[in-house]
Protein chains: 2
Amino acid sequence: MKGIRRLAQHLDISIGTVSRALNGKPDVNEETRRRVLQAATELGYVPNQSGRSLRQGTTNIIGFMIQTGTEITGQGDIFFMSVFDGVQAVFARHKLDLVALLCSSQEDPNDYLRRVVARGFADGLILSATQRNDPRIEFLAERNIPFVTLGRSLTDAGQPWLDLDFEGMAQASIDRLVARGHRRIAITRPHDDVNLGYIFVDRCRQALAAHGLPLEEDLIFRSTPNEAGGYQIARDLLALKEPPTAIVLINETIAIGFYQALSEAGVKPGRDIAVIGRYSPHAHFLSPPLTCFRLSLRDLGIALAETLLSAMPAFKDHYPDAPANKVWPMELVEGESDAFLVPQR
Amino acid sequence: MKGIRRLAQHLDISIGTVSRALNGKPDVNEETRRRVLQAATELGYVPNQSGRSLRQGTTNIIGFMIQTGTEITGQGDIFFMSVFDGVQAVFARHKLDLVALLCSSQEDPNDYLRRVVARGFADGLILSATQRNDPRIEFLAERNIPFVTLGRSLTDAGQPWLDLDFEGMAQASIDRLVARGHRRIAITRPHDDVNLGYIFVDRCRQALAAHGLPLEEDLIFRSTPNEAGGYQIARDLLALKEPPTAIVLINETIAIGFYQALSEAGVKPGRDIAVIGRYSPHAHFLSPPLTCFRLSLRDLGIALAETLLSAMPAFKDHYPDAPANKVWPMELVEGESDAFLVPQR
DNA sequence: TTGGCAACCGTAAACGTTTACGGAACTATG
DNA sequence: CATAGTTCCGTAAACGTTTACGGTTGCCAA
């Protein structure tokens, strides 16, 4: 005898009553409820996931889809770990469990998602690495699966999304650098077609134009979002006939490789070139400290969770004013890497 | 009409036959099997996870338990992403899905594990952040849940485990440094009681003793396994009356902070002090390049998967000679950070 | 006493699969 | 032709829950 039956037999009571007692339903004497709860913890009873979700069509699981094999995602060391922690802080209140759905680098993300969804694995989904055009969005929207994406997409099905404020970063960086006399400003973008690259580049171009400056094509550097990518950017940059006097790095970890290649060439950030990047735990431990844009990843996770829940009928009442879409602000942390002032002629 | 019934009705066939056809069972005409398979892909049918696993008591899911909120584990995203990718390469062959079971930093890992297991969530488990004494191991062993741990433990229930070769790293590092004339050698260990700290320290002590050298207590530095921890270590080390001439860093990311604190004090690795550490993607982009111990995380993941499967009755035949326990070797990557030779007196 | 109501509980159906079992149609063998 | 064997398929039970429904008990008022 297993499961709820065992518990019922042990208490000499029907399984229906046991279930009602455990799930906080009415129609059960408070005294028996107490006995059931106690026996449950004593015997270590936990409702079987399959049975429960088969019956009520809900799993109490939220999936956070990420792709393994880091060459692709390029997020910094602890990016997801921090976001997860924030998400869970919210989910814990509703007895929801967060699992990371790991899409292998060998499998197409769309196929993977179809499989997971069709199997009825999760009640809701959080998507990361949102593509500029992302079929996953249409797919989920069609089937009415609650989800939220981390990152905007051109694919618009009215879905909720959160994204980092790359426009704000672009605008502030350009304004700051121009104010310090820079005229030739380089920027970087991811090597693949992830949407943030387009957003960032476009806004940089606008911001420059507002100052009457062009965004020169050979000053837009594509790279893999890792240390090696940053190294390569610096090498390419230094090889130009007329190198830029400033650069804005869009990814977190590329700063390490970028610094190293500069250092090998005797070029010092903050003295010979201005560098602005993204915060990650090592940003302060570069020399000179990196001027960078930071955000609280944990808070971002909290917001993701709240936005998702507000899109789920069962929970929306708890989060009446969670925004369906939000551009998450980043804060400028002043380092010394952008101290370089261009001498005015 | 949904699920398998819909498919059966569409083909004018019984659900039993459909199920048999899909699952590759005998007793089904090859022609009808073909029709079923085709209709399944056409209608996008995927068996419901709950129904299936309720019936056959198996989920085809393997859980990789990790703790979120990295202050504790110190392993970054890239670490797990790479390991995951290796694990999945193996699992894909058996139609097993890997999900990451995310234990919030707010919840006790043992409680979390009990919940997950009791719910019948996964067919097998991979545990990381193994503790020196780890109740999770007893728990899983008692219930006969197949699992493997990444990291040894004093808790021995005959469970399979894989671990990095910290003994080999300790031995090789000490021998190498002693051969270069070092007599005062510092080492680091994690701030918490994770088992690898004990293993590493013990072997360093042995290796030093073999050379007739003591391991001085004030040369063992505890730190959080991140950049800030490495920074603090360097500060403390430089503040000693008689600083060591060499150090072995046990964690990956602490090298960045360590380098920075040295640099601020005008001390250069490889010239003024010998440094040996662990490989991570930035190791080559430090200056000078870090001499470090490296391993293939993807291969480690593959081995983890194979060892786990060899502990599962349903799959053990495929992996007759997967080792139940293995100390995974690390390879020394020569940088320049340990080039410092102690002048002989 | 009778009726009604409230409080509590048991029964059984349902969720979507898999699979043991038996039966029908054919084929081969004697 | 009778029998046995093979191939294929349908039926129904089972997995562990939740929950609609109805039934029993006790109490109170009429």
Side-chain angles (χ1 to χ4, degrees), chain A residues 1-37 39-40 43-61 95 115-123 143 314, chain B residues 1-37 39-40 43-61 95 97 115-123 314:
Chain A
M1 192 71 74
K2 290 167 46 179
I4 203 174
R5 293 200 153 69
R6 182 161 122 75
L7 203 55
Q9 175 174 312
H10 179 255
L11 290 165
D12 195 30
I13 224 178
S14 84
I15 60 168
T17 306
V18 173
S19 175
R20 279 192 298 268
L22 290 174
N23 293 18
K25 304 274 169 170
D27 279 1
V28 39
N29 187 301
E30 278 311 316
E31 165 62 13
T32 50
R33 187 191 301 275
R34 199 192 52 71
R35 287 176 54 221
V36 171
L37 266 328
L43 301 189
Y45 169 76
V46 179
N48 175 283
Q49 174 68 23
S50 305
R52 164 185 288 233
S53 63
L54 177 58
R55 168 61 218 236
Q56 57 183 22
T58 185
T59 63
N60 283 353
I61 293 174
K95 294 191 183 297
R115 253 180 45 222
V116 168
V117 166
R119 299 200 331 181
F121 195 91
D123 292 347
R143 336 227 141 185
Chain B
M1 190 73 71
K2 291 168 43 181
I4 202 173
R5 291 200 154 70
R6 181 160 123 76
L7 203 55
Q9 175 174 311
H10 179 255
L11 289 165
D12 195 28
I13 225 179
S14 84
I15 60 167
T17 305
V18 173
S19 176
R20 279 191 298 267
L22 291 174
N23 294 16
K25 303 274 171 171
D27 279 2
V28 39
N29 187 301
E30 279 311 316
E31 165 61 13
T32 52
R33 186 190 302 276
R34 198 193 52 72
R35 286 176 54 221
V36 171
L37 265 327
L43 302 189
Y45 169 76
V46 179
N48 175 282
Q49 174 68 24
S50 305
R52 165 186 286 235
S53 63
L54 177 58
R55 167 62 217 232
Q56 56 184 20
T58 186
T59 63
N60 282 355
I61 294 174
K95 294 191 183 298
D97 267 316
R115 253 180 44 224
V116 168
V117 167
R119 300 200 331 181
F121 195 91
D123 292 347

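A nucleotide of DNA chain C counts as in contact with chain A when one of its atoms lies under 4.0 Å from a heavy atom; the first and last such, 5' to 3', are C:dC8 to C:dG16.
How far NE2 of A:His10 is from CE of A:Met1: 13.0 Å, rounded to the nearest 0.5 Å. Distance check: B:Ser14 OG to B:Arg5 CZ gives 10.5 Å after rounding to the nearest 0.5 Å. Taken from CZ in B:Arg52 to OG1 in B:Thr58, the straight-line distance is 9.0 Å, to the nearest 0.5 Å. One distance of note links CZ of A:Arg6 with CG of A:Leu11; it measures 10.5 Å at 0.5 Å rounding. Note: A:Leu54 CG to A:Gln49 CD = 11.0 Å, rounded to the nearest 0.5 Å.
Nearest-nucleotide mapping onto DNA chain D: of A:Asn48 and B:Gly16, the residue sitting toward the 5' end is B:Gly16. When the nearest nucleotides of DNA chain C are assigned to A:Ser14 and B:Thr17 by heavy-atom distance, the more 5′-ward of the two goes with A:Ser14. Toward the 5′ end of DNA chain D lies the nearest nucleotide of B:Asp12, the other residue of the pair B:Asp12 and B:Gly51 mapping further downstream.
For the contact set between residues 18-33 of chain A and DNA chain D, defined by any heavy atom under 4.0 Å, the members are A:Ser19, A:Arg20, A:Asn23, A:Lys25.
No donor-acceptor pair under 3.5 Å is formed between the side chain of B:Thr59 and the backbone N or O of B:Ser53. B:Asp97 places no side-chain N or O within donor-acceptor distance of the main-chain N or O of B:Ile61, the cut-off being under 3.5 Å.
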List the atom pairs, with distances to 0.1 Å, where a side-chain N or O of residues 19-30 of chain B and a protein N or O form a donor-acceptor pair under 3.5 Å, not counting sequence neighbours.
unit_1: B:Arg20; atom_1: NH2; unit_2: B:Thr17; atom_2: OG1; d: 3.4
unit_1: B:Asn29; atom_1: OD1; unit_2: B:Glu31; atom_2: N; d: 2.6
unit_1: B:Glu30; atom_1: OE2; unit_2: B:Arg33; atom_2: NE; d: 3.4

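Across all strands, B:Gly3 comes closer than 4.0 Å only to sugar-phosphate atoms, never to a base (heavy-atom distances).
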